[in-house]
Protein chains: 2
Amino acid sequence: MSSKLSERLRRGDVFEPDCPSRTILRNVTSRWGVLVLVALRTQTHRFSELRRKIAGVSEKMLAQTLQALEADGFVRREALPVIPPHVEYSLTPAGHEVSRRVEELADWIEQSLPSILQARKAVRS
Amino acid sequence: MSSKLSERLRRGDVFEPDCPSRTILRNVTSRWGVLVLVALRTQTHRFSELRRKIAGVSEKMLAQTLQALEADGFVRREALPVIPPHVEYSLTPAGHEVSRRVEELADWIEQSLPSILQARKAVRS
DNA sequence: CGGAATCCAAGATGATACTG
DNA sequence: CAGTATCATCTTGGATTCCG
């Protein structure tokens, strides 16, 4: 480590327990955050569409995840003032940047799944 | 969706709740899994070295995380039969592949942190 | 439809003590 | 040193209910 603490904090350092980058990273890599980011890559989605696409997520967790990603500036929320309500979720430019990297990770795992499962040991996590 | 369910499961699909790829993804993107993978990129590490490098992790969680990543075939554990014990952790070839993608994500967040924090809203997750 | 609010179960995390 | 075991706690996650 050649850099001083102040420098590392300015630039962000996930190895520092109090660095905000850890929080961002947690939101992005959260159980549903990953899937939301990947799901929104192809197109904007309504709340209920996301719920269907991301099988297994509850309303509560999806709403919570979307709020966190919106707060971090990765997701844009547009509510059309109509009845019944109509809300569109899409990626911001920054969101597009992260989601690209998240998807690369997810894609690699999906494609490598067969060999991963073979190499997998019997030990349970 | 043009592919049938059977095909999607063969190849891995993180949007399928029962697909093993979701479990792998969770282990890899877990709170400490991400940091372990990035930490091991530069070099092999002993248990205590990892604990120091990944500030904030408890012994229990580090051990648990390492076991999960080892079970998935991403981390190799080598215990030298000496007293006191000496254990080395390193990445397998597959582990190197995932960690590369994980690091790209972490790096982007670290470097973009300033602009992310500016765009961040006051809403709390 | 798209949530917010509430309650509760389950899992993740941590501090501490102990051991080969 | 490198863990394991135990217990306490904090956070996640889900089901349900209600509302504009």
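All values reported here derive from a predicted model rather than from experimental measurement. Every chain is numbered from 1, with letters handed out A, B, ... down the list of sequences.
A salt bridge links A:Glu59 to A:Arg51: one of the charged nitrogens lies within less than 4.0 Å of a carboxylate oxygen. Salt-bridge formation is detected for the pair A:Glu97/A:Arg101: a Lys NZ or Arg NE/NH1/NH2 atom is positioned less than 4.0 Å from an Asp or Glu carboxylate oxygen.
Across the protein-nucleic acid pair, A:Glu49 atom CD and C:dC1 atom P stand 11 Å apart, rounded to whole Å. Per the geometry, CG belonging to B:Leu62 stands 12 Å off P belonging to C:dT13, to the nearest Å. A:Gln67 places its CD atom 9 Å from the C1' atom of C:dG3, with the value rounded to the nearest Å. Separating the CD atom of A:Glu70 from the P atom of C:dG3 is a distance of 9 Å, rounded to the nearest angstrom. Rounded to whole angstrom, the span from the CD atom of B:Gln64 across to the P atom of D:dT6 amounts to 15 Å. The CD1 atom of A:Ile83 sits 15 Å away from the P atom of C:dG3 (whole-angstrom rounding). With rounding to whole Å, A:Leu80 atom CG is found 12 Å from C:dG3 atom P. Between the C1' atom of C:dT19 and the CZ atom of B:Phe47 lies a distance of 14 Å, rounded to the nearest Å.
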Report the C-alpha distance between B:Arg100 and B:Glu104 in whole Å, list the side-chain angles of each, state the deciding distance to 0.1 Å, and finish with yes or no for salt bridge (charged side-chain N to carboxylate O under 4.0 Å, His left out).
CA-CA 6 Å; B:Arg100 206 191 83 215; B:Glu104 275 171 16; 3.7 Å; yes

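Residue B:Ser48 places at least one side-chain N or O closer than 4.0 Å to OP1 or OP2 of D:dA2. Proximity of A:Arg31 to the phosphate of C:dG11: no side-chain N or O atom is located under 4.0 Å from OP1 or OP2. Residue B:Tyr89 places at least one side-chain N or O under 4.0 Å from the OP1 or OP2 atom of D:dG3.
Checking C:dG2, D:dA2, D:dT4 against every side-chain atom of A:Arg46, the shortest atom distance belongs to C:dG2. Picking from C:dG3, D:dG14, C:dC1 the nucleotide with the shortest atom distance to the side chain of A:Met61 gives D:dG14. The nucleotide whose nearest atom lies closest to any side-chain atom of A:Val87 is, among C:dG2, D:dT12, D:dA2, C:dG2.
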Nucleotide by nucleotide, nucleotides 15-20 of chain D touches protein heavy atoms under 4.0 Å in the pattern (B base, S sugar-phosphate only, - none) B----B

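Between the side chains of B:Glu110 and A:Ser21, no donor N or O sits under 3.5 Å from an acceptor N or O. The closest side-chain donor-acceptor pair between A:Thr92 and A:Arg76, if any, does not fall under 3.5 angstrom.
Each of B:Thr44, B:Thr65, B:Leu40 was scored for a side chain to side chain contact (heavy atoms under 4.5 Å, CB included) with B:Leu50, with one residue passing: B:Leu40.
Within a 6.0 Å radius of CD1 in A:Ile83, other residues, nucleotides and ligands contribute 12 heavy atoms or fewer.
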